[in-house]
Amino acid sequence: MPLPWDFRPVHGPRVTLDLLRDDDLEALYAMQSDPEVCRYLLYEARSRRQVVEVLARDAEAARLENPDDYVQPAIRDEDGHFAGTMYFHLISVDDRTAEIGWILAPSAQGKGYATEAARLLLDLAFGELGLHRVYAELDPRNAASVAICERLGMRHEAHFAEHMWLKDEWTDTGIYAILEREWTADTAFQNR
Ligand SMILES: CC(C)(COP(=O)(O)OP(=O)(O)OC[C@H]1O[C@@H](n2cnc3c(N)ncnc32)[C@H](O)[C@@H]1OP(=O)(O)O)[C@@H](O)C(=O)NCCC(=O)NCCS
């Protein structure tokens with residue numbers, strides 16, 4: 001892996017990924033304080049103060065070097081408007097493994113932006129970064145998130161029953177994953 005690796009904006013056909021900025025505060029707050037958006041996330045709807053802190057932290061997270069480093073870029077639409085965030089978390093350098101995640105503002109949902117943004121990160125993961133395995137963890141009730149994994153060709157690897165006590169209930173966890181050779185074969189197949 002070419003580490004340390006510094007995040008640079010990534011451009012797709014419709015979306016761009018770039019680092020969060022101070023002027024994303026209002027849009028990020030609107031998204032992260034929405035109970036519907038947070039329904040299947042590990043955290044509860046956030047206060048403005050929490051979002052200010054999260055934004056300051058995540059805007060600075062631009063380098064992958066050690067296990068647990070992450071980047072959390074904004075997804076921006078064709079007009080440059082904030083559409084959501086992606087999460088890319090380096091889990092292991094030795095095993096060349098990362099975790100991926102996605103959140104869209106309600107107004108940006110239903111347009112394919114998260115799937116496109118995830119494709120950009122998988123291209124990066126298996127291309128420039130030379131990773132071996134990328135996985136996503138989700139609440140299996142989160143059908144929209146499951147659908148993204150399926151569209152990406154990620155395999156359903158595991159279903160942990162009542163894995164976590166979360167938001168006053170036992171919650172299952174699903175694991176979806178894709179390997180470098182699977183992504184490359186898929187890319188070749190689709191001639192992308
Ligand atoms: C999970 C989440 C990102 C999924 O959002 P989404 O909009 O369904 O996902 P995409 O951006 O990939 O869009 C796919 C949808 O856009 C539709 N679409 C419309 N125009 C499209 C286009 N031009 N290209 C591709 N897809 C398009 C697709 O058909 C699909 O809808 P469908 O599932 O009804 O068929 C969103 O529900 C969310 O942010 N939820 C709250 C946070 C969350 O739970 N995050 C995941 C934690 S694991």
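Atom set for the values below is all heavy atoms of this structure, side chains included, hydrogens, waters and symmetry mates excluded. Atoms within each ligand, like the ligands themselves, are counted from 1 in listed order.
- Sorted by first and then second residue, the side-chain hydrogen bond (donor to acceptor under 3.5 Å, both in side chains) pairs with a member in residues 96-105 read His89-Glu99, Trp102-Ser145; sequence neighbours excluded.
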Would you check, one step at a time, whether the test salt bridge (charged side-chain N to carboxylate O under 4.0 Å, His left out) holds for Asp18 with Arg76?
-> CA-CA 8 Å; Asp18 71 7; Arg76 303 193 193 282; 2.6 Å; yes
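- Near ligand 1, Arg14, Val37, Leu41, Trp102, Ile103, Leu104, Gln109, Gly110, Lys111, Gly112, Tyr113, Ala114, Thr115, Glu137, Leu138, Asn142, Ala144, Ser145, Ile148, Arg151 each place a heavy atom less than 4.0 angstrom from the ligand.
- Residues Asp68 and Leu90 fail the side-chain proximity criterion, which asks for heavy atoms closer than 4.5 Å.
- Placement of Trp5 and Val10 within a single hydrophobic cluster is found when ILVMFWY residues are connected by side-chain heavy-atom separations under 4.5 Å, directly or transitively.
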Contacts under 3.5 angstrom, residues 107-114 side chains, donor-acceptor by atom type, not counting sequence neighbours:
| from | atom 1 | to | atom 2 | distance (Å) |
| --- | --- | --- | --- | --- |
| Gln109 | NE2 | Leu104 | O | 3.0 |
| Lys111 | NZ | Ser107 | O | 3.2 |
| Tyr113 | OH | Glu78 | OE1 | 2.8 |

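- Not counting sequence neighbours, the partners of Glu180 by the side-chain contact (heavy atoms from CB on, under 4.5 Å) test are Phe126, Thr184.
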